[in-house]
Asker: 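One structure, pasted below without further comment.
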Amino acid sequence: MRGAVFAQVTGVTGGPVGVGAGMGDHRGVAGMRGRQTVRDMVLSLAVIGVLVGAIYIFIPHDESADAAKNAVKAVDYRVELITARRAAPYPVAAPQGLPKTWRATSVSYKASDDGKGGAWHLGLLDPEEQYAAVEQSDAPARKFIQEVTLGATRTAGKQAVGSKKWDRYEGDKYKALVREEKGVTTVVTGTAPYGRLADLAAALVAK
């Protein structure tokens, strides 16, 4: 009897051992599921990365244009303008009231060899990132126009800018609006279309 009871008790107490083994199985399954979840996340991220890369490759984009745009910085030309207006023997023209979408990118005033004249330059980018510049000088008009317009030639007709008429020039690279006055030639030139050049010319104030 005692042996039988002992055997039964031993059998009963052995039960928890079986239960403990069952819990170990559950932990193993949970671990496998956890590893599968992490693996699925990694695979999903990899697939998303491939899709993003494919979209970037096949959608047209111009990195050079973006880089060029970001590389061009606006300049504050107020000091140079004051200096030029003091030094030049003619009224120096600069835009006033242009929208902020126009950006000045270069400015200079170079005195002539004899110190009695000089050339004023103000380069800008229009709202469409096209180049436009204001060029002025009291040097011989023909040579000056050829230099700043990169060889553009005069075309038929004139461009109305306010109450004044400007000569139109066109070349392989630049268009231009030109106004010759006593003692100074003013040129508005660049890659911008005539309409934008006219907007710039209309904004000019000479002092």
Side-chain angles (χ1 to χ4, degrees), residues 59-77 80-81 84 87-114 117-206:
I59 291 180
H61 56 281
D62 189 347
E63 293 181 352
S64 61
D66 292 341
K69 180 178 178 180
N70 293 331
V72 176
K73 295 183 179 180
V75 299
D76 186 343
Y77 59 89
E80 287 82 357
L81 178 59
Y90 53 82
V92 173
Q96 183 173 305
L98 277 178
K100 293 182 179 179
T101 46
W102 287 76
R103 292 183 294 151
T105 57
S106 59
V107 60
S108 67
Y109 178 78
K110 295 180 180 179
S112 60
D113 294 336
D114 60 8
W120 164 247
H121 159 83
L122 178 62
L124 306 99
L125 290 179
D126 76 359
E128 300 299 325
E129 299 295 320
Q130 292 295 317
Y131 178 69
V134 180
E135 310 281 1
Q136 281 187 297
S137 178
D138 58 350
R142 184 175 180 180
K143 182 180 178 181
F144 174 67
I145 294 168
Q146 287 294 296
E147 288 177 352
V148 297
T149 66
L150 303 183
T153 57
R154 186 174 176 177
T155 63
K158 291 181 178 289
Q159 179 79 40
V161 178
S163 60
K164 299 178 180 179
K165 301 288 186 180
W166 293 57
D167 295 325
R168 290 166 62 119
Y169 281 68
E170 187 166 0
D172 294 334
K173 187 173 182 180
Y174 285 176
K175 298 178 179 65
L177 300 178
V178 177
R179 184 167 175 80
E180 296 181 47
E181 299 173 286
K182 185 177 180 180
V184 62
T185 301
T186 303
V187 181
V188 178
T189 186
T191 59
Y194 283 117
R196 286 289 167 78
L197 296 180
D199 290 342
L200 178 56
L204 294 180
V205 175

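One-based numbering along the sequence shown.
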Asker: If the condition is side chain to side chain donor-acceptor pair (under 3.5 Å), which residues does Ser106 pass it with, not counting sequence neighbours?
Answerer: His121
Asker: Taking Thr185 for its side chain and Ala141 for its backbone only, find out whether a donor-acceptor pair lies under 3.5 Å.
Answerer: no
Asker: I'd like to check the side chain to side chain donor-acceptor pair (under 3.5 Å) partners of Gln130; sequence neighbours left out, ordered by chain and number.
Answerer: Thr191
Asker: Please answer whether the main-chain N or O of Ala192 pairs with a side-chain N or O of Tyr174 as donor and acceptor at a distance below 3.5 Å.
Answerer: no
Asker: Please list, one pair per line, the donor and acceptor atoms closer than 3.5 Å that link side chains of residues 165-173 to other protein atoms, with sequence neighbours excluded.
Answerer:
{"from": "Asp167", "atom 1": "OD1", "to": "Arg154", "atom 2": "NH2", "distance (Å)": "2.9"}
{"from": "Asp167", "atom 1": "OD1", "to": "Lys158", "atom 2": "NZ", "distance (Å)": "2.2"}
{"from": "Arg168", "atom 1": "NH1", "to": "Gln159", "atom 2": "OE1", "distance (Å)": "2.7"}

Asker: Closest heavy-atom contact between Ala93 and Trp120?
Answerer: O-NE1, 2.8 Å
Asker: Could you give the distance from CD (Glu135) to OG1 (Thr186), rounded to the nearest 0.5 Å?
Answerer: 10.5 Å
Asker: For the backbone of Ala119 and the side chain of Gln136, can you confirm whether one donor and one acceptor N or O come within less than 3.5 Å of each other?
Answerer: no
Asker: Atom NZ of Lys175 and atom OG1 of Thr155: how far apart are they, to the nearest 0.5 Å?
Answerer: 10.5 Å
Asker: After noting the C-alpha distance and the side-chain angles of Val187 and Ile145, does the key distance pass the side-chain contact (heavy atoms from CB on, under 4.5 Å) rule?
Answerer: CA-CA 7 Å; Val187 181; Ile145 294 168; 4.1 Å; yes
Asker: What's the spacing between Tyr131 OH and Asp126 CG if we round to 0.5 Å?
Answerer: 12.0 Å
Asker: Could you grab the distance from atom OG1 of Thr149 to atom CG of Leu177, nearest 0.5 Å is fine?
Answerer: 11.5 Å
Asker: Give, for atom CG of Leu98 and atom CG of Leu124, the distance between the pair rounded to the nearest 0.5 Å.
Answerer: 7.0 Å
Asker: Would you give the length of the straight line joining atom CG of Leu204 to atom NZ of Lys164, rounded to the nearest 0.5 angstrom?
Answerer: 9.5 Å
